[in-house]
**Student:** 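Handing you a structure now.
First the proteins, then the strands, lettered A, B, ... as listed; each starts at 1.
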There are 2 protein chains.
Amino acid sequence: MDHVTAFRRFNRYFTRRIGVLDDHYLGQDRPLGEARLLFEIGDGASLRELRSRLGLDAGYLSRMAKALQAQGLARLSAHPRDNRLRMIELTPAGRLEVTEQDRRAGAAAAGLLEGLGEAQRAELTRAMATAQRLLRLAGITVTLVDGAAPDARACLDAYAADIDARFPEGFDKDDLVRPREVSGDAGAFFVAYEEHRPVGCGALRRLEPGVGEIRHVWVHPDARRLGLARRLLDALEQEASARHFTVVRLDTHAALTEAQAMYRACGYTDIPAYDDNVYASHWFEKRLDG
Amino acid sequence: MDHVTAFRRFNRYFTRRIGVLDDHYLGQDRPLGEARLLFEIGDGASLRELRSRLGLDAGYLSRMAKALQAQGLARLSAHPRDNRLRMIELTPAGRLEVTEQDRRAGAAAAGLLEGLGEAQRAELTRAMATAQRLLRLAGITVTLVDGAAPDARACLDAYAADIDARFPEGFDKDDLVRPREVSGDAGAFFVAYEEHRPVGCGALRRLEPGVGEIRHVWVHPDARRLGLARRLLDALEQEASARHFTVVRLDTHAALTEAQAMYRACGYTDIPAYDDNVYASHWFEKRLDG
DNA sequence: ATAGTTCTTTGACTTTAGTCAAAGGTCCGA
DNA sequence: TCGGACCTTTGACTAAAGTCAAAGAACTAT
């Protein structure tokens with residue numbers, strides 16, 4: 001049986017068997033739309049945000065929000081800085097309702113797991129975690145963007161903040177690549193997106209003829225341990241090949257031991273220092289044949 | 001993180017991410033109810049069957065069936081032997097529509113898996129198979145029923161047909177336990193149900209004071225490899241303990257090698273023949289302490 | 001300051017989904 | 001062969017979900 005068939009079979013089984021359950025317990029005595037909205041408000045959100053998250057019509061959402069307010073479950077207010085936007089947040093009663101929903105759904109889930117022994121439950125949890133990890137990874141797309149694009153800069157800022165906290169000596173944002181170093185002929189910049197949010201990046205720049213350098217491979221904390229860094233690395237290497245680089249190099253900081261392990265696992269070998277990067281303690285390179 | 005939380009997290013992620021996809025692609029330009037019905041008709045079914053499978057109101061279903069017929073997608077006819085029932089089957093146009101739905105959903109699934117490498121796809125398939133197996137097992141309930149109940153007899157009939165095909169010498173239905181041997185003080189009979197369908201059984205009867213015999217442990221072919229036989233065995237042993245039996249015995253046929261392996265794995269030890277069952281080649285017993 | 005854009009609200013719908021009860025034909029067991 | 005049980009159809013509803021367009025307030029860039 002091929003993977004697509006297996007995937008669809010699971011999909012069908014799961015939505016029929018479990019998905020239904022969740023919806024059923026979520027709704028109870030309230031229209032499902034309202035219940036979902038209530039749940040999605042969480043710690044407050046703008047109507048605009050909810051509209052795009054839930055994919056609802058503006059008019060429809062407006063009315064539902066009003067209905068929740070009329071029931072004393074939510075409160076609408078103006079956005080502090082943009083008066084076009086409306087913020088919605090839960091009242092204590094609304095919060096209570098959400099936790100009650102949660103309790104019911106939890107009880108239903110517990111009832112469902114009751115038929116399994118402890119070892120089997122652990123096995124199920126493990127299998128689900130694996131499936132979820134791979135599904136998330138499958139949903140992430142790695143795309144080439146301009147080095148000056150807002151998403152690229154946002155990733156680099158996050159990257160800089162991240163390593164600034166991890167390097168004992170800190171990290172100076174001026175040491176990031178310049179947009180022009182990773183645009184056009186000079187290099188390339190990739191951003192990984194999960195549901196339209198940037199969750200990782202990686203840069204490639206020309207070091208000398210035939211030699212590229214990979215820099216700033218970074219993955220958002222929420223998206224770690226999925227195997228995304230490898231995918232970024234793959235994309236960067238493919239780009240390097242397309243540019244007829246025969247070698248890619250990179251350096252890493254002593255503090256980033258996982259990164260070093262990953263580079264070695266991906267076929268990179270230790271080489272002597274090829275630059276005087278003050279943050280670097282290890283230098284690697286990899287021959288590309290493709 | 002406990003199993004219930006992990007379970008619900010996966011549930012939420014999966015329904016949001018994947019479940020939606022299926023419904024969306026399934027429906028396309030047709031109401032979801034009709035699309036589901038169309039799909040569920042398959043190679044023809046009675047309205048009654050569809051009603052219980054989909055849990056729909058009789059009137060609602062009747063109207064939807066008529067709508068499908070009006071669109072030229074299905075054909076209604078009388079049941080050949082029971083004129084109260086109506087049969088519904090797909091027309092060629094309906095069949096085309098279903099395969100088209102199927103193609104689209106398959107393409108969507110394939111697109112989703114595109115981001116993964118072959119090894120990762122295999123890992124995902126494996127994880128999903130594990131999860132599905134355990135979820136199915138969790139959904140099966142093992143209940144005590146009267147030995148003369150129709151479900152009990154249906155299981156025994158299926159069991160008899162099953163082993164009749166597997167034993168070289170065949171199997172005579174008269175050698176099954178009698179209802180009264182497994183009812184009341186004399187013994188017990190368990191049936192395993194999956195979504196209200198009997199999918200397995202097991203009998204316990206008193207052999208002599210303090211000693212019980214387990215017989216006819218059977219699992220429906222569709223429900224094998226889930227770990228259900230062990231659950232039936234557990235239920236039978238618990239029942240035996242409750243009846244203050246200190247020992248349970250059982251015999252098996254030479255052809256049933258998997259069964260023998262399972263009994264050994266569950267703590268049964270080989271003993272000399274305790275009866276002259278013509279079908280038996282191995283005899284086992286297990287001490288119960290509880 | 002002005003034109004264009006963004007966001008929400010409101011009114012006026014339509015479609016889908018689902019329920020309930022009455023009625024009529026059919027089957028089955030006594 | 002008669003009464004009760006079964007199955008489907010039909011009429012008459014309701015509630016939920018969703019769509020579309022107009023209008024008004026507020027922001028943004030030029």
Side-chain angles (χ1 to χ4, degrees), chain A residues 15-16 19-20 23-41 44-71 73-89 101 150, chain B residues 15 19-20 22-41 44-71 73-89 101 150:
Chain A
T15 45
R16 289 268 181 286
V20 167
D23 275 0
H24 183 261
Y25 280 85
L26 197 66
Q28 211 71 357
D29 52 354
R30 186 179 305 293
L32 221 125
E34 281 183 18
R36 253 204 275 273
L37 178 57
L38 205 58
F39 183 85
E40 208 69 34
I41 291 172
S46 64
L47 290 188
R48 167 165 162 263
E49 196 184 332
L50 291 171
R51 195 153 50 85
S52 77
R53 268 226 295 275
L54 295 170
L56 296 173
D57 174 78
Y60 186 26
L61 176 60
S62 173
R63 256 180 279 259
M64 275 209 293
K66 229 171 47 177
L68 288 181
Q69 191 171 35
Q71 290 169 72
L73 301 172
R75 200 172 24 241
L76 284 159
S77 58
H79 188 279
R81 301 166 55 197
D82 185 341
N83 262 311
R84 288 171 306 180
L85 272 68
R86 302 269 275 161
M87 301 300 293
I88 186 166
E89 54 181 352
Q101 277 176 14
Chain B
T15 45
V20 167
D22 213 40
D23 276 358
H24 184 262
Y25 279 84
L26 199 66
Q28 210 71 356
D29 52 355
R30 186 178 305 290
L32 223 122
E34 281 184 18
R36 255 204 275 273
L37 178 56
L38 205 59
F39 183 84
E40 208 70 33
I41 292 171
S46 65
L47 290 188
R48 166 163 162 265
E49 196 183 332
L50 292 171
R51 196 153 51 85
S52 78
R53 269 228 291 278
L54 294 169
L56 296 173
D57 174 78
Y60 186 25
L61 176 61
S62 172
R63 256 180 278 261
M64 274 209 294
K66 230 172 44 175
L68 288 181
Q69 189 171 35
Q71 290 169 70
L73 300 172
R75 200 173 22 244
L76 285 160
S77 58
H79 189 280
R81 302 166 53 197
D82 185 340
N83 262 312
R84 289 171 303 181
L85 271 67
R86 302 269 274 161
M87 301 299 293
I88 185 166
E89 55 180 353
Q101 277 176 14

**Student:** Within the structure shown, what part of the strands sits under 4.0 Å from A:Arg63 by heavy-atom distance: base, sugar-phosphate, or nothing?
**Tutor:** base

**Student:** To the nearest 0.5 Å, what is the distance between CE on B:Met64 and CG on B:Leu54?
**Tutor:**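 Atom-to-atom, B:Met64:CE and B:Leu54:CG are 7.5 Å apart.
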
**Student:** Provide, to the nearest angstrom, the distance between the CD1 atom belonging to B:Ile88 and the P atom belonging to D:dC7.
**Tutor:** 17 Å

**Student:** What closest approach, in Å, do B:Glu34 and B:Ala67 show between heavy atoms, and which atom pair accounts for it?
**Tutor:** OE2-CB, 3.9 Å

**Student:** Can you tell if the side chain of B:Leu47 reaches within under 4.5 Å of the side chain of B:Leu61, non-hydrogen atoms only?
**Tutor:**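 In contact.
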
**Student:** In whole angstroms, how far is the C1' atom of D:dA16 from the CG atom of A:Leu61?
**Tutor:** 16 Å

**Student:** Quick one: are B:Leu38 and B:Leu68 in side-chain contact, heavy atoms under 4.5 Å?
**Tutor:**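 In short, these two side chains touch, coming nearer than 4.5 Å.
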
**Student:** Base, backbone or nothing for each nucleotide of nucleotides 23-30 of chain D, written B, S, -, heavy atoms under 4.0 angstrom, 5' to 3'?
**Tutor:** ---BS---

**Student:** Checking A:Arg30 against A:Gln71: is there a side-chain donor and acceptor pair closer than 3.5 Å?
**Tutor:** yes

**Student:** How many whole angstroms separate atom CG of A:Leu37 from atom P of D:dA16?
**Tutor:**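 To the nearest whole Å, that distance equals 15 Å.
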
**Student:** So among A:Arg86, A:Arg84, A:His79, which one has a side chain to side chain donor-acceptor pair (under 3.5 Å) with A:Asp82?
**Tutor:**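 The single option meeting the side chain to side chain donor-acceptor pair (under 3.5 Å) with A:Asp82 is A:Arg84.
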
**Student:** Could you tell me from which nucleotide to which nucleotide of DNA chain C, 5' to 3', there is an atom under 4.0 Å from chain A heavy atoms?
**Tutor:**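 Result: C:dT6 to C:dA12.
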
**Student:** Between B:Arg36 and B:Glu40, does the salt bridge (charged side-chain N to carboxylate O under 4.0 Å, His left out) criterion hold? Intermediate values first, please.
**Tutor:** CA-CA 6 Å; B:Arg36 255 204 275 273; B:Glu40 208 70 33; over 6 Å; no

**Student:** On DNA chain C, compare the nucleotides closest to A:Asp57 and B:Gly59; which residue's is nearer the 5' end?
**Tutor:** A:Asp57

**Student:** Please report, rounded to the nearest Å, how far the C1' atom of D:dC7 is from the CG atom of B:Leu50.
**Tutor:** 14 Å

**Student:** Could you grab the distance from atom OG of A:Ser46 to atom CG of A:Leu76, nearest 0.5 Å is fine?
**Tutor:**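 So the gap between those two atoms works out to 11.5 Å.
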
**Student:** I need the NE2-P distance between B:His79 and D:dC7, as an integer number of Å.
**Tutor:**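 After rounding, the gap between these two atoms is 11 Å.
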
**Student:** Nearest-Å distance, OH (B:Tyr60) to C1' (D:dA12)?
**Tutor:**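 Checked: the OH to C1' distance equals 17 Å.
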
**Student:** Angle between the end axes of the helix from C:dA1-D:dT30 to C:dA30-D:dT1, five pairs per end, to the nearest 10 degrees?
**Tutor:** 30°

